[in-house]
Amino acid sequence: MTTRREIVRTQAVRKTYVMGGETVHARRGVSLTIYAGEYISIMGPSGSGKSTFFNMVGGLDKPTSGEVYIDEVDIAQLDPFELAWLRCRKIGYIFQTFNLIPVMTALENVTLPMVFAGTDPDEAREKGAALLALVGLGQRLQHKPAQMSGGQQQRVAIARALANDPAINLADEPTGNLDLKTGHEVIELLKKLKDERGVTIITATHDMKMLDASDRVIWITDGQVSRIQSRQELDIQIGSIDGREEA
Amino acid sequence: MSHSSHRSYSSSRIFGDAPGSARRIVVLPWRRAFGMCAANGRYRRGRALITFVCIAVVVAFFASSMTNQHILGALRASADVRVQAALERANAAAPDAASAARQRDQQRWLLALSALLCLAGITNTILMSVTERVREIGTLKCLGALDRFIVRLFLIENACLGAAASVAGALAGIVLAVLQTGLMTAFGLLSAGVCLRAAWYSGPRAAALGTLLTVLASIYPTIVAARMKPVDAMRVDV
């Protein structure tokens with residue numbers, strides 16, 4: 001096996017909020033490394049600090065102390081322009097509520113990050129169409145979000161996240177607003193992208209279906225990583241979870 | 001084409017020779033920004049129409065009172081006996097200096113007050129359209145939009161809307177003023193020259209004022225929008 005490239009590294013990351021004069025520890029010193037081409041699920045109940053951690057890994061929030069490196073860049077040192085550049089080129093975002101721009105067609109939505117990145121318009125259109133074909137929407141380039149189902153919108157959002165070939169893709173509850181079957185299809189798509197294109201995927205989720213696709217699952221409780229499970233450990237566990245679901 | 005000219009000093013400092021980063025820029029071309037604003041205006045026709053009407057009504061008021069004054073001024077300056085008689089009948093003969101000054105002051109007060117009301121009203125409608133689009137703005141920021149892109153989008157959108165509404169309002173106001181003075185005196189007395197001169201005087205002024213007011217009114221909502229954080233895109237409660 002070749003040496004794996006580190007894509008995200010956190011070092012003793014802490015995040016504290018001051019709420020009503022009281023200091024709340026959302027994160028209590030987490031060190032973690034995520035490698036290129038991994039599919040990571042961050043699981044935990046709401047209020048566990050899962051979102052806080054997720055947002056810091058995604059360059060949306062800065063830690064109070066400790067360091068977050070994305071592709072060897074310490075995000076705490078970046079100015080607003082550099083952060084925007086990082087979001088544009090290095091991170092792809094997939095949201096629970098899809099967040100397509102309602103006034104734009106599927107193709108325009110997918111090419112928007114490329115517009116920001118200064119890609120040549122013809123090149124952007126070509127790549128956008130190819131990405132939409134990749135997610136199975138090659139026939140829906142000119143559809144507006146309102147003319148598409150939730151699953152289709154999420155596919156467009158996934159294509160948009162891939163527009164600038166980001167180092168990591170962050171998916172915040174990507175199946176949260178989808179029914180069981182469509183949610184499963186979205187997970188399959190993410191897994192396919194990971195397997196075939198080596199895309200790095202980090203999700204924050206409650207969805208147990210996600211376990212099946214994950215290389216590692218990071219369980220978070222009370223602001224700390226309580227458990228990190230690898231693929232092998234998960235294989236043993238999935239049987240019991242499936243069993244529970246069927247019961 | 002060389003990409004090095006686009007290279008930003010600050011990002012190359014941090015990102016150095018990061019692989020796959022041919023261009024270290026974040027851009028929003030003006031043409032694209034105008035396209036986005038136009039699409040947005042079409043999509044949110046309802047809200048745009050409310051703002052449009054609000055601005056147009058106020059500008060119509062400005063334009064009509066200016067046109068009115070201008071036409072009456074021209075008529076009063078006329079040596080024609082019929083004109084003077086008509087003005088007498090309409091109770092619109094030149095007032096004495098003291099009451100003319102009083103009238104002018106009242107007029108100014110009214111204009112200033114309506115401008116203020118207009119400002120507050122437009123600010124409010126634009127602010128609402130900003131809060132409606134929290135997630136959209138957050139998403140744009142997640143995709144790499146800088147604060148100034150958001151400023152650009154909102155300013156273009158509101159300046160265009162303000163200008164269009166102001167032109168429409170000014171035209172309506174001029175027509176109303178001509179009708180009103182005509183009815184008050186006699187249409188036969190209003191020459192095309194007088195009306196056109198009055199329109200040429202008040203139309204551009206009222207339209208410019210309306211556009212300026214809209215741009216002023218959009219400053220605060222635009223700042224609110226630009227300051228939104230990328231993480232707002234994750235909100236599910238809006």
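Labels below follow one simple rule: chain letters A, B, ... track the order of the sequence lines, proteins then strands, and each chain is numbered from 1.
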Structural part of Arg42(B) lying under 4.5 Å from a heavy atom of chain A
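The answer is neither part of Arg42(B).
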Verify whether one side chain among [X] and [Y] offers a donor that lies under 3.5 Å from an acceptor in the other.
X: Asp207(A); Y: Thr205(A); answer: no
X: Ser41(A); Y: Thr203(A); answer: yes
X: Gln180(B); Y: Asn68(B); answer: yes
X: Thr182(A); Y: Asp179(A); answer: yes

Go through the atoms of Asn99(A) and report whether side chain, backbone, both or neither lie under 4.5 Å from a heavy atom of chain B.
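Interface part for Asn99(A): both.
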Given that the side chain runs from C-beta out, which part of Phe98(A) has a heavy atom under 4.5 Å from chain B: side chain, backbone, both or neither?
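Neither; nothing under 4.5 Å.
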Which one, Gly58(A), Pro102(A), Pro121(A), leads in non-hydrogen pairs under 4.5 Å with chain B?
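When all of Gly58(A), Pro102(A), Pro121(A) are compared, Pro102(A) has the most.
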Top contributor to chain A contacts, counting heavy-atom pairs under 4.5 Å, from Ala39(B), Cys142(B), Pro230(B):
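Among the listed options, the one with the most contacts to chain A is Cys142(B).
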Strictly below 4.0 Å, N to O, side chains only: are Glu82(A) and Arg89(A) in salt-bridge contact?
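A salt bridge is absent here (no side-chain N lies under 4.0 Å from a carboxylate O).
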Report the distance from atom OG of Ser214(A) to atom NZ of Lys194(A), rounding to the nearest 0.5 Å.
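If I round to the nearest 0.5 Å, the distance is 9.0 Å.
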Rounded at 0.5 Å granularity, tell me how far CG in Leu60(A) sits from CG in Leu83(A).
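Answer rounded to 0.5 Å: 9.0 Å.
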Donor-acceptor list for residues 110-117 of chain A side chains, cut-off 3.5 Å, not counting sequence neighbours:
{"from": "Thr111(A)", "atom 1": "OG1", "to": "Leu107(A)", "atom 2": "O", "distance (Å)": "3.0"}
{"from": "Thr111(A)", "atom 1": "OG1", "to": "Glu108(A)", "atom 2": "O", "distance (Å)": "3.1"}

May I ask you to list the residues in residues 159-176 of chain A that approach chain B closer than 4.5 angstrom, counting heavy atoms only, ordered by number?
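Contacts with chain B: Arg160(A), Asp172(A).
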